Chemist: 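Could you have a look at this structure, given as structure tokens, before my questions?
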Amino acid sequence: AQSVTQLGSHVSVSEGALVLLRCNYSSSVPPYLFWYVQYPNQGLQLLLKYTSAATLVKGINGFEAEFKKSETSFHLTKPSAHMSDAAEYFCAVSFMDSNYQLIWGAGTKLIIKP
Amino acid sequence: ETGVTQTPRHLVMGMTNKKSLKCEQHLGHNAMYWYKQSAKKPLELMFVYSLEERVENNSVPSRFSPECPNSSHLFLHLHTLQPEDSALYLCASSHPERAGGELFFGEGSRLTVL
């Protein structure tokens, strides 16, 4: 079955440190991959997406993610964390053979320490 | 106008009340979705409408009744809810064949059932 796993329900980093949020998917067919961010009491906002073009994808707010087919991963990174990055981050995947229905990870709450 | 608009943003209701949540999208999409987001739980897909026809209903209790009168509007009618129905209800829209099914979300309606 197709699924998405986000490692770590909470990730804590110091301000200025590297942010790494992990996302792995399971599927034998090519995926479309997404990262969304949710600030408190708001909806989800698209950070970036992979749709079979370049494997290194740059998004908003200095985030980027790399699609690694061999590892079935799409980890989200940012070189230097800012206090405003504190939010919940969701990884999602879709497939053409599933009518592009998004399958969601459980989310990772990013905590920034001053 | 913003892409996806949800009203009201906050709603408090008793268990015997009847209320409705409204969603409107101005993106020309042909699919609309209702999600439920509860604390400490993954995103739950409730309903999907494609071309104004319901294509998915994930075992949602009948006290939640969706309505999609046209491709731009989606309602969630609520009646005789339970306290455990308190959650953030998110509306989203998409054009599934474009960009791998990327979803565009509203800000959400925070529902509290007393």
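In what follows, chains carry the letters A, B, and so on, assigned in the order in which the sequence lines appear, proteins first and then strands, with residues in each chain numbered from 1. A quick note: this is a predicted structure, and the numbers were derived from the prediction, not measured.
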Chemist: For B:Q82, look at atom CD and say whether over 12 heavy atoms of other residues, nucleotides or ligands are found less than 6.0 Å away.
Modeler: yes
Chemist: I'd like to check B:H95 versus A:Y100 (side-chain heavy atoms, cut-off strictly below 4.5 Å). Are they in contact?
Modeler: no
Chemist: Just by distance, do the side chain of A:T51 and the backbone of B:G100 share a donor-acceptor pair under 3.5 Å?
Modeler: no
Chemist: At a heavy-atom separation under 4.5 Å, does B:Q37 approach chain A through its side chain, its backbone, both, or neither?
Modeler: side chain
Chemist: I'd like to know which of A:L46, A:L102, A:N41, A:L44 tops the heavy-atom pair count under 4.5 Å against chain B.
Modeler: A:L44
Chemist: For chain B, find which of A:Q45, A:M96, A:Q101 contributes the most heavy-atom pairs closer than 4.5 angstrom.
Modeler: A:Q101
Chemist: Do B:L76 and B:V4 share a hydrophobic cluster (ILVMFWY, side-chain heavy atoms under 4.5 Å, transitive)?
Modeler: no
Chemist: Of all residues at least two apart in sequence or in a different chain, which pass the side-chain hydrogen bond (donor to acceptor under 3.5 Å, both in side chains) check with A:S98?
Modeler: A:Q2
Chemist: Side-chain heavy atoms under 4.5 angstrom apart, residues restricted to Ile, Leu, Val, Met, Phe, Trp, Tyr: same cluster for B:M15 and B:L114?
Modeler: no
Chemist: Measure B:L103 against the heavy atoms of chain A and call it side chain, backbone, both or neither at under 4.5 Å.
Modeler: both
Chemist: Restricting to pairs with a member in residues 80-90 of chain A, which pass salt bridge (Lys or Arg N to Asp or Glu O under 4.0 Å), not counting sequence neighbours?
Modeler: A:K78-A:D85
Chemist: How far does CD of A:Q42 sit from CG of B:L90, to the nearest 0.5 angstrom?
Modeler: 11.0 Å
Chemist: Of all of A:Y32, A:Y50, A:F90, A:W104, which one pairs up most often with chain B through heavy atoms under 4.5 Å apart?
Modeler: A:W104
Chemist: Within a reach of under 6.0 Å around CG of B:L11, are more than 12 heavy atoms found that belong to other residues, nucleotides or ligands?
Modeler: yes
